Novice: 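So that we are looking at the same thing, I have put the structure below in structure tokens.
In what follows, chains are A, B, ... by sequence order, proteins preceding strands, each numbered from 1. Small disclaimer: the values here were computed from a predicted structure and weren't measured.
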Amino acid sequence: MRWMFALAWLVGTSAFNPAFAQGRPPMPPGTVPAAPANPVGQKVEIDLMVVHATNAHSKVDPALTPMLKHLQFLSYTGFSLMKQESASLGISEEAEFAVVGDRKVTVQLIDRTEKEAKIRVRMFNREGKLLDTTVSIYRNRSFIVAGPKHEDGVLILPVTARY
Amino acid sequence: MHDTLLSLLRTLRLEGGASGALGPARAALAVDPRVPAELRDALDDPHEAAEVAEALLAMLGEGDSLTAMIAEAVRVEAGELAPAPAEIEASLREPFPWPVGEAVRAEAGAVSLAEGVLAGLDPAWASAMLDNALSPAAHAVAARRLRDDAEARAQLTAWAALGRQVRAAVRAEAGDVGSIWGGVATTLGIEAEPVDLSFPLREAVAAEAGRVDVADAVMARVRRASVGPIAPVPRSANSGWAWGGLALAAAVLLAVFAPRAPLDRQGVSTELHFATAGEIVVEDLSYAENASVQVIQHGAESEPLIIWVQEEVTL
């Protein structure tokens, strides 16, 4: 019964709050935010995957099976994990990840709290900086930077801030 | 002495063989056995005296552009002359009793300056002669030079043949150019001969070029920081709040009842958990001028947030 109330509250709150889509949802009084299961370390592990999505085949790399459901809307049939790299960053430290096609991605840890990390992600191609964005993301959560063309498909780059 | 000579030549150029200035010369030469017969004949020619005077004046730097060119060519051919010593100048004023002409001709033998003179002339000179663009006197001099130079005549003949070939090639390649041929000929500086060509030029050019699609090349230079078409465009993250709430609730249920993900050595899950709309905020975003970026979230709020970058956007 308690779950039914919780579910109803969540639905009502999110459905009528326009800020929910992009902003942080307000926390109800007395509610504890998603508490980290582990103590905050000194470093934040930034993980970058390079996935090639294509219609040239329909093979899916076994390592990508868990996230396949999130990629199926992209209208590609084949997904292969080209590389995966990690870097341990302290505040203000920056890591550079080489991406295929003369591209690279740099990730800088701007700040970190017990709940979330603020990271700056920049993507470069051979002509210069392509993207410069700063995101605040909950710890141990991922988001995706995607779109650059590669061969007969596109690149999908899941970025994870893990600590 | 120079002024006296110039004055005499100018008189001969104007009056020709009928000039009274030639009277004493004729009288002296008629009784002088050393003077060759051809020189006496030359003095009797009423036109040649004027032409020779014209040519000599040109060599002395006086005359129209053609003769000036000839004079310059002769100077180049002859090289720089050192000024004559004073004693030579003085001796020249005294009567000269020896047959210098015969002696020089006997010593020099046959000398032809035509080749050297023609080689030093601007090629446009010969072309101008062909086009009857020279003065009568200049044309006569040029014709005389050409008469004695078979190689130059062959060269001019080759030029004329080349011109005919060029015109024929242009006609064959361009098709119906009757309306524009006059302008082209004027630009080329040649006579616009009437042409009778019925081949349609515009159709010929179009047929030769084929279909040309310049859109990509043009648009590649018109880069703007705007959103271009993306093949798989997911729905914007700014919609579907109500369904997002349901999805969030489902995510909460899933988080409670789902099996535990694998952990790394620090006890952190190595499985990807994509941030929901409430777990990530894009605080700053900029991108290159030739790119477009969309922040999208497909379907439910639990779906991953995607920053979709499209390179080389053109409109």
Novice: Between A:S142 and A:T160, is any side-chain donor less than 3.5 angstrom from a side-chain acceptor?
Specialist: yes
Novice: Identify which of A:R103, A:R120, A:K69 forms the greatest number of heavy-atom pairs closer than 4.5 Å to chain B.
Specialist: A:R103
Novice: Measuring only between side-chain heavy atoms, which start at C-beta, is A:D61 closer than 4.5 Å to A:F79?
Specialist: no
Novice: Is there a side-chain contact between A:V105 and A:V121 (heavy atoms, below 4.5 Å)?
Specialist: yes
Novice: Any chance NZ of A:K83 has more than 12 other-residue heavy atoms, nucleotides or ligands included, within less than 6.0 Å?
Specialist: yes
Novice: Ring centres under 6.0 Å, that's the criterion: do B:F274 and A:H70 meet it?
Specialist: yes
Novice: Heavy atom to heavy atom, less than 4.5 Å: which residues from residues 144-159 of chain A reach chain B?
Specialist: A:I144, A:V145, A:A146, A:G147, A:P148, A:K149, A:V154, A:P158
Novice: Within 45 degrees of the axis of the six-membered ring of A:F124 and under 6.0 Å from its centre: does A:K104 put its NZ or CZ there?
Specialist: yes
